[in-house]
Amino acid sequence: MSATTTPTPAKLQLMELLAAIGTAQWRDFAAAAAHHGLTSTQAKVLAQLNGPLPMRALATLLVCDASNVTGIIDRLEARSLVRREPDPSDRRVKNVVATDEGRDIIRRVREEMQATSGALDTLDPAESTTLYELLARLRPGMEKSA
């Protein structure tokens, strides 16, 4: 093996690195959310709302009971960051929709994630492209098992 060859990391090493990066990114996200008076869970809800989403689907994404989601949505709704709407195909189902203000605040939270942004700034364009492609390949398998 030459001095410039990096040994192939073991799967456990990759998993530990992903966990460490995920934890650091989550801390950065939570700190930016707190700056806007949001809990990390409230910010996570806003980040998931790319369109109308049923309350039950939010509970699944948050890995919590649907009754917990009600309180989270109540608090976000009180701040005019989300609204509830009846589902057009089943009026018994309530969809949660981010308001313009809610979309704006989650955009600002993401922009204020200094540690994550700074770490990504260390990559050159080719490295950013490679990282994006690799993460995009991992994402479907990670989301499927969740």
Side-chain angles (χ1 to χ4, degrees), residues 6 8-146:
T6 303
T8 302
K11 191 181 292 185
L12 181 58
Q13 290 173 301
L14 293 170
M15 291 170 64
E16 288 172 350
L17 187 56
L18 280 172
I21 290 170
T23 299
Q25 189 271 342
W26 182 250
R27 273 195 315 266
D28 195 24
F29 181 76
H35 182 255
H36 293 278
L38 296 170
T39 66
S40 54
T41 302
Q42 289 170 336
K44 185 176 180 181
V45 166
L46 287 173
Q48 300 294 324
L49 293 176
N50 298 318
L53 202 56
M55 298 274 285
R56 186 158 305 284
L58 274 173
T60 300
L61 285 170
L62 297 174
V63 192
C64 71
D65 191 77
S67 62
N68 294 340
V69 173
T70 301
I72 296 165
I73 298 306
D74 286 347
R75 288 184 286 284
L76 289 171
E77 197 170 37
R79 290 186 56 186
S80 300
L81 301 177
V82 301
R83 68 178 178 276
R84 291 176 174 100
E85 297 179 345
D87 187 292
S89 62
D90 184 348
R91 299 191 64 74
R92 295 170 297 177
V93 173
K94 294 294 183 203
N95 287 330
V96 180
V97 179
T99 62
D100 289 342
E101 187 177 349
R103 284 187 291 277
D104 181 57
I105 204 167
I106 196 61
R107 179 190 53 76
R108 287 186 281 144
V109 165
R110 287 179 173 138
E111 287 173 354
E112 292 172 17
M113 293 174 65
Q114 298 302 311
T116 303
S117 182
L120 292 172
D121 286 343
T122 67
L123 301 177
D124 66 35
E127 291 169 329
S128 292
T129 299
T130 299
L131 179 61
Y132 182 85
E133 290 169 350
L134 291 171
L135 293 173
R137 277 182 48 200
L138 290 177
R139 186 177 184 174
M142 297 290 292
E143 289 179 340
K144 178 179 67 176
S145 62

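The shown structure was predicted, so the numbers you read here are calculated from the model rather than taken from an experiment. Quick note: numbers below take in every heavy atom, side chains included, and nothing from hydrogens, waters or symmetry partners.
- Exactly one residue among Glu112, Arg79, Gln42 makes a side chain to side chain donor-acceptor pair (under 3.5 Å) with His36. That residue is Glu112.
- Interatomic distance, CG of Leu76 versus CZ of Arg83, reported as 13.5 Å (0.5 Å rounding).
- Smallest separation of non-hydrogen atoms from Ala98 and Arg103: O-NH1, 2.6 Å.
- Within the model, atoms CZ of Phe29 and NZ of Lys44 stand 9.0 Å from one another, a figure rounded to the nearest 0.5 Å.
- Taking OG from Ser117 and CD from Glu111, the interatomic distance works out to 9.5 Å, rounded to the nearest 0.5 Å.
- Here the closest non-hydrogen pair linking Arg91 and Lys94 is O-NZ, 4.3 Å.
- Taking every heavy atom of both residues into account, Ile72 and Thr41 meet most closely at CD1-CG2, 3.5 Å.
- Atom CD of Glu16 is separated from atom CG of Leu12 by 4.0 Å, given to the nearest 0.5 angstrom.
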Where do Val45 and Val69 land on the side chain to side chain contact (heavy atoms under 4.5 Å, CB included) test, with the steps shown first? CA-CA 9 Å; Val45 166; Val69 173; over 6 Å; no

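- The shortest side-chain heavy-atom distance between Asp124 and Glu127 falls under the 4.5 Å cut-off.
- Between Arg84 and Asp74, at least one side-chain nitrogen of the basic residue sits less than 4.0 Å from a carboxylate oxygen of the acidic one, meeting the salt-bridge criterion.
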Assess the residue pair Glu77 and Leu81 against the criterion (side chain to side chain contact (heavy atoms under 4.5 Å, CB included)); give the C-alpha distance rounded to whole Å, side-chain angles, the decisive distance to 0.1 Å, and a yes or no. CA-CA 6 Å; Glu77 197 170 37; Leu81 301 177; over 6 Å; no

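- Scanning both residues, Leu123 and Leu131, for their nearest heavy atoms gives CD1-CD2, 3.6 Å.
- In this structure, CH2 on Trp26 lies 4.5 Å from OG on Ser40, to the nearest 0.5 angstrom.
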Would Met113 and Gln25 satisfy side chain to side chain contact (heavy atoms under 4.5 Å, CB included), going step by step from the backbone distance to the final call? CA-CA 8 Å; Met113 293 174 65; Gln25 189 271 342; 3.2 Å; yes

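- Using a 4.5 Å cut-off on side-chain heavy atoms (C-beta onward), Val97 and Leu49 make no contact.
- Gln48 and Leu53 get closest at one heavy-atom pair: O-CD2, 4.1 Å.
- Atoms CG and OG1, on Asp121 and Thr116 in that order, are 10.5 Å from each other to the nearest 0.5 Å.
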When you look at Met15 and Leu18, which way does the side chain to side chain contact (heavy atoms under 4.5 Å, CB included) test go after all the steps? CA-CA 5 Å; Met15 291 170 64; Leu18 280 172; 5.7 Å; no

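- A donor-acceptor pair under 3.5 Å links the side-chain atoms of Thr60 to the main chain of Arg56, judged by distance alone.
- Scanning both residues, Ala43 and Ile106, for their nearest heavy atoms gives O-CD1, 3.4 Å.
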